[in-house]
Structures are given as structure tokens and as C-alpha cells.
Amino acid sequence: MKSILLPLAALLVGITAVIWLGGVRIIVIQPIGALPNGVTAIVAGLSNVNLLDSPDAICNRHEGGVSLLCRGREAAAIAEKGNILLRLPYSETLYRMTGAPELGR
């Protein structure tokens with residue numbers, strides 16, 4: 001049993017390293033006017049965002065708050081620079097894990 005766990009753990013660490021170095025990220029966009037249902041996207045080719053991130057969290061880190069202008073700018077930059085691999089339904093749990101501030105809807 002022990003001999004199986006070590007290679008499995010090494011494989012998991014290797015896959016995680018490849019994903020991180022390849023720039024694959026999970027981006028969560030809260031429901032807003034342009035995206036009324038919100039979206040969770042798996043995006044490749046991004047390097048200056050966290051593994052799990054959102055435009056709101058990026059704005060909060062860089063500007064100390066969230067505005068519609070900043071949110072739109074960051075979402076557009078992600079769409080332009082990244083390659084969207086998969087679109088999934090919005091996840092409130094993942095959104096909260098990004099560190100984005102709680103905003104009223």
C-alpha cells in the first residue's frame with residue numbers, strides 16, 4: 001500500500017506543477033449585467049493571476065476596491081490574453097475563495 005502512495009503523490013505534484021507553469025488558472029466572474037448568470041472558466045496562458053482568481057479580487061488587490069470599470073477591464077484582459085479551455089456554471093463557493101470582497105447584488 002505504501003509503495004502505491006508515493007508514486008501517486010509524486011504524480012499529483014508533477015501534474016500540479018505542469019498546470020501551474022503552463023499558466024492554467026480558474027477564473028470566476030460574478031453575475032453582472034453583461035453575464036447575468038456568471039461564469040467559471042478554466043483559462044490557459046495567464047501568468048499574473050492566482051491559480052483561483054476573479055476580476056473583482058484582482059481589482060481589490062491592485063486598486064484597493066472594485067469598480068465596474070476595473071471589473072470590465074480585468075475581465076477583458078483575461079479574455080484577450082488567455083485561452084479559454086472550458087466554461088462552467090458560476091460557483092459562489094469558488095468566488096468566495098478568490099478573496100474578492102463581498103459586494104451587494
Side-chain angles (χ1 to χ4, degrees):
M1 182 81 167
K2 231 179 192 181
S3 62
I4 294 173
L5 292 178
L6 187 59
L8 186 60
L11 179 65
L12 184 61
V13 168
I15 289 172
T16 303
V18 167
I19 288 172
W20 179 259
L21 293 174
V24 177
R25 306 290 190 260
I26 302 169
I27 305 296
V28 185
I29 300 177
Q30 181 182 32
I32 55 174
L35 293 166
N37 295 325
V39 67
T40 301
I42 310 297
V43 183
L46 298 176
S47 58
N48 292 330
V49 297
N50 295 336
L51 180 62
L52 176 60
D53 219 340
S54 71
D56 290 2
I58 295 168
C59 289
N60 197 45
R61 281 195 308 271
H62 294 162
E63 297 185 4
V66 179
S67 68
L68 288 176
L69 179 64
C70 181
R71 180 187 285 166
R73 184 180 63 236
E74 293 300 330
I78 289 167
E80 182 181 315
K81 294 177 185 173
N83 182 19
I84 298 173
L85 303 175
L86 184 63
R87 292 175 197 258
L88 302 167
Y90 171 72
S91 169
E92 180 74 27
T93 303
L94 288 177
Y95 178 77
R96 288 183 181 163
M97 291 171 63
T98 66
E102 293 286 327
L103 301 175
R105 288 193 221 159

Rounded to the nearest 0.5 Å, what's the gap from [atom1] on [X] to [atom2] on [Y]? Could you check?
X	Y	atom1	atom2	answer
I42	L88	CD1	CG	5.5 Å
E102	Q30	CD	CD	8.5 Å
L51	T98	CG	OG1	12.0 Å
T40	L94	OG1	CG	5.5 Å

Residue pair [X] / [Y]: nearest heavy atoms and the distance that separates them:
X	Y	value
G99	N60	O-ND2, 4.1 Å
R71	C59	N-SG, 3.5 Å
A41	I84	CB-CG2, 4.4 Å
A100	S54	CB-OG, 3.7 Å

Any heavy-atom pair between the side chains of [Y] and [X] that's under 4.5 Å?
X	Y	answer
N50	R25	no
D53	R61	yes
N37	P89	no
I58	V49	yes
V24	V43	no
V28	Y90	yes

* To do: Check the hydrophobic clustering (I, L, V, M, F, W, Y; side-chain heavy atoms under 4.5 Å; chains of links allowed) and say if L86 and Y95 are grouped together.
  => yes
* Asked: Linking I/L/V/M/F/W/Y whenever any side-chain heavy atoms sit under 4.5 Å apart, do I15 and L52 land together?
  ->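 Same cluster: I15 reaches L52 through Ile, Leu, Val, Met, Phe, Trp or Tyr contacts under 4.5 Å.
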* Asked: Is the CG atom of L8 crowded by more than 12 outside heavy atoms at less than 6.0 Å?
  ->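 Yes, enclosed.
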